[in-house]
Amino acid sequence: MFENIERMLKEYDWKVNKATKTTNMRKGQYSINVGMTYCWMKSGKPILPSRAMIKNKSEIYNECKRLFPEHEFDCVMINKNFKCPPHKDANNVGNSIIFGVGDYNGGECVIDDEPHCILYSPIIFNGAEQEHYVNEWVGDRYSVVLCKSKFKQM
């Protein structure tokens, strides 16, 4: 089920984007939106295709739509070896789907203090209402989060 998305993530040209939070991450950690993202410079905060979505020609986004056709989302956050601290997603609306791929051990997604193995196992949760974070792991861990933004599309 996840062979195509795993291949795409392993082949993705991961680079640090100096204009985003990724510059503050440890070497080898990456987090990028390959879906829609809000445009902070325009009033009303509309969402537009992210630069990464344009660059990869929507391949990862479209593969996620194929995998989860019933789930409504406009953002696809992809993470490589990204260890997020406990947080809630202030800009998300409704349920998100998270799943992991790669060659790693550990790295459970802890949602409201309950650890979940997401390796090839999608979990549905409300990231805006439920605190979540990632446990330690060994290996290369990729995670994908499909969510809906509270901002309006242009």
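Scope of the values below: all heavy atoms of this structure, side chains included, with no hydrogens, waters or symmetry mates. Small disclaimer: the values here were computed from a predicted structure and weren't measured. When a residue number appears, it is its place in the shown sequence, counting from 1.
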Among all residues two or more places apart in sequence or in another chain, which pass the side chain to side chain donor-acceptor pair (under 3.5 Å) test with Glu6? Lys10, Tyr120
Between Asn79 and Val134, is a side chain to side chain contact (heavy atoms under 4.5 Å, CB included) present by the stated rule, with each step listed? CA-CA 11 Å; Asn79 307 292; Val134 177; over 6 Å; no
Assess, by modelled atom type and distance only, whether the side chains of Asn91 and Ser149 contain a donor and an acceptor separated by less than 3.5 Å. no
Hey, what do you get for CD (Glu114) to CD (Glu108), rounding to the nearest 0.5 Å? 11.5 Å
Kindly check if the number of other-residue, nucleotide or ligand heavy atoms within 6.0 Å of CD (Glu72) is above 12? no
Over all heavy atoms of both residues, which pair between Lys83 and Gln29 is shortest? Give the atoms and the distance, please. N-OE1, 3.1 Å
4.5 Å side-chain heavy-atom contact, His116 and Ile98: no
Apply the hydrophobic cluster definition, ILVMFWY joined by side-chain contacts under 4.5 Å directly or through others, and give me every member besides Val138. none
When every non-hydrogen atom of Asn81 is compared with those of Trp137, the smallest separation belongs to CA-CZ2, 3.4 Å
With sequence neighbours excluded, tell me which residues meet ring pair (Phe, Tyr, Trp, His ring centres under 6.0 Å) with Phe99. Phe2, Phe68
Think Lys65 forms a cation-pi with Phe73, using NZ or CZ under 6.0 Å from the six-ring centre and within 45 degrees of its axis? yes
When clusters are formed by joining ILVMFWY residues with side-chain heavy atoms under 4.5 Å apart, either directly or through shared neighbours, do Ile111 and Tyr133 land in the same one? no
Calculate, to the nearest 0.5 Å, the distance between atoms SG and CD1 belonging to Cys64 and Ile97 respectively. 9.5 Å
What closest approach, in Å, do Ile118 and Ser143 show between heavy atoms, and which atom pair accounts for it? CD1-CB, 4.2 Å
Compare every heavy atom of Glu63 with every heavy atom of Asn4, then report the nearest pair and how far apart it is. CB-OE2, 3.3 Å
Are side-chain N/O atoms of Asp89 and His132 paired as donor and acceptor at under 3.5 Å? yes
Within the structure provided, determine whether Lys148 and His71 are in side-chain contact (heavy-atom separation under 4.5 Å). no
Please report, to 0.1 Å, the donor-acceptor pairs under 3.5 Å made by any side chain of residues 122-130, with sequence neighbours excluded.
{"from": "Asn126", "atom 1": "OD1", "to": "Ala128", "atom 2": "N", "distance (Å)": "3.0"}
{"from": "Asn126", "atom 1": "OD1", "to": "Glu129", "atom 2": "N", "distance (Å)": "3.1"}
{"from": "Gln130", "atom 1": "OE1", "to": "Asn126", "atom 2": "N", "distance (Å)": "2.8"}
{"from": "Gln130", "atom 1": "NE2", "to": "Asp112", "atom 2": "OD2", "distance (Å)": "3.2"}

Residues forming a side chain to side chain donor-acceptor pair (under 3.5 Å) with Glu11, sequence neighbours excluded: Arg7
Measure the CG-CG distance between Leu146 and Asp74 for me, rounded to the nearest 0.5 Å. 10.5 Å
Partners meeting side chain to side chain donor-acceptor pair (under 3.5 Å) with Asp103 (sequence neighbours left out): none
